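First up is the structure itself, then whatever we jot down about it.
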There are 2 protein chains.
Amino acid sequence: MSADRLSQVFSALADPTRRDMVARLAAGDATVNELAGPYDVSVQAVSKHLKVLEDAGLVSRSREAQRRPVHLEAEVFDLMTKWIERYRREAEERYRRLDAVLRQMEQPTDQHDEGRPGQEGTAS
Amino acid sequence: MSADRLSQVFSALADPTRRDMVARLAAGDATVNELAGPYDVSVQAVSKHLKVLEDAGLVSRSREAQRRPVHLEAEVFDLMTKWIERYRREAEERYRRLDAVLRQMEQPTDQHDEGRPGQEGTAS
DNA sequence: GGCGTTGTCAACCCATTGGTTGAACAACCT
DNA sequence: AGGTTGTTCAACCAATGGGTTGACAACGCC
């Protein structure tokens, strides 16, 4: 249990049904039964999905009479976005650098290049 | 096999080891053995992880003699970012609207309501 | 040719997951 | 108190996932 938050969040969203629930919750809170409507699975299964989303911090449940309205928590999304953007930026930057190097190598300048900006010790 | 792309990507990144690989690949291409270095799992396990990343489109492998350098593909990240940002924005907007409604309800103004509490330029 | 290196494939193990059904709990309404 | 509605708990089952080991393909280097 209790893997790190990021793993939980990614894992939770790896399921299409759960992603769909999130999509619908983005439009407004809903109860378990309301959420269960469209899918042809038992209410218990939906309840389980919600537990996964809740454990990941993507969703919270309040109490309102005998109902438990489910509410989408937007904050956790930032965690993912930050992670993704970080490495995407790095990768793209590296790509740009590589591209520059390639362009330079194509130039028939007789200047000896020795830049080799690459990764020499990437794997420790 | 072959779940939708988004599921594959999220699922691939739900594993800390794989996320770590991506992080290291963002700094530069690497071979399977180089990648395997830090982890105390077999090379075969690493190879499996790479297959998952590759199937998800996060990574590509070229051929270079008997080595198979692994390269991070930045594009797929956009898919995730788009999905995430969409619902995050929706959720946040809804929250802002709700907030506005609540504030309005608190105000004891006997102004006739006029339906939808939509966006009336509540540039907060 | 033979040999070490690099990586993948195949079979297997065990823990986790998504689904099921049936029972239980919780809060309301008479 | 008894009934109804909404939700969760418990036990179970089949499928998946991450790990292992062992065999083997492809290639470069003596």
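Residue numbers start from 1 in every chain, and the chains themselves are labelled A, B, ... in the order their sequence lines are given, proteins ahead of strands. Keep in mind that the numbers below use all heavy atoms, side chains included, and drop hydrogens, waters and symmetry copies. Remember, predicted model here, so these are calculated numbers, not experimental data.
By the 30° and 60° cut-offs, the orientation of the rings of F10(B) relative to F10(A) is tilted.
Among the nucleotides dA11(C), dT8(D), dC9(C), the one closest to any side-chain atom of Q44(B) is dC9(C). When distances are taken from the side chain of A45(A) to each of dT21(D), dC9(D), dG19(C), the shortest belongs to dG19(C). For V41(B), the side-chain atoms get nearest to dT20(D) when compared with the rest of dG19(C), dT20(D), dA27(C). With dT7(D), dA27(C), dG18(D) as the choices, the nucleotide that has an atom nearest any side-chain atom of A65(A) turns out to be dA27(C).
The phosphate of dG17(D) (OP1 or OP2) has no side-chain N or O of H49(B) nearer than 4.0 angstrom. Proximity of R18(A) to the phosphate of dG18(C): a side-chain N or O atom is located under 4.0 Å from OP1 or OP2. Between S47(B) and dG7(C) there is no side-chain N or O to OP1 or OP2 distance below 4.0 Å. The side chain of R61(A) places an N or O atom within less than 4.0 Å of a non-bridging phosphate oxygen (OP1 or OP2) of dT8(D). The side chain of R68(B) contributes no N or O atom lying less than 4.0 Å from OP1 or OP2 of dC27(D). At dG19(D), none of the side-chain N or O atoms of S42(B) fall inside 4.0 Å of OP1 or OP2 (strictly under the cut-off).
Between R89(A) and E92(A) there is no salt bridge, since none of the side-chain N atoms of the basic residue sits less than 4.0 Å from a carboxylate O of the acidic one. At a threshold of 4.0 Å, the pair K82(B)-D78(B) does not count as salt-bridged, since none of the basic side-chain nitrogens sits closer than that to a carboxylate oxygen. Here R19(B) does not pair with D15(B) in a salt bridge; the nearest charged N to carboxylate O distance is not below 4.0 Å. Looking at E64(A) and R68(A), no side-chain N of the basic residue comes within less than 4.0 Å of a carboxylate O on the acidic one, giving no salt bridge.
M80(A) has its side chain out of reach of M80(B): every pair of non-hydrogen atoms, C-beta onward, lies at least 4.5 Å apart. Within the 4.5 Å cutoff, no side-chain heavy atoms of D29(B) are placed close to those of V70(B). Between L58(B) and F77(B) the shortest side-chain heavy-atom distance falls below 4.5 Å.
Atom CG of L53(B) and atom C1' of dG17(D) are 14 Å apart (whole Å). Residue R63(A) contributes atom CZ, which lies 14 Å from atom P of dC25(C) at whole-angstrom precision. Counting to the nearest Å, the C1' atom of dT16(D) and the CG atom of D15(A) are 13 Å from each other. One interatomic measurement links the two molecules: CZ of R19(B) to P of dG18(D), which rounds to 12 Å at whole-angstrom precision. Rounded to whole Å, the distance from CD on E64(A) to P on dT5(D) is 18 Å. Straight-line distance from the CD atom of E54(B) to the P atom of dT8(C): 8 Å, rounded to whole Å. For the pair L13(B) CG and dG18(D) P, the interatomic distance rounds to 12 Å; values are reported in whole Å. Regarding R67(B), its CZ atom lies at a distance of 12 Å from the P atom of dT5(C), rounded to whole Å.
The base of dG19(D) is paired with the side chain of K48(B) by a donor and an acceptor separated by under 3.5 Å.
Contacts of residues 31-40 of chain A with DNA chain D (heavy atom under 4.0 Å): T31(A), V32(A), N33(A).
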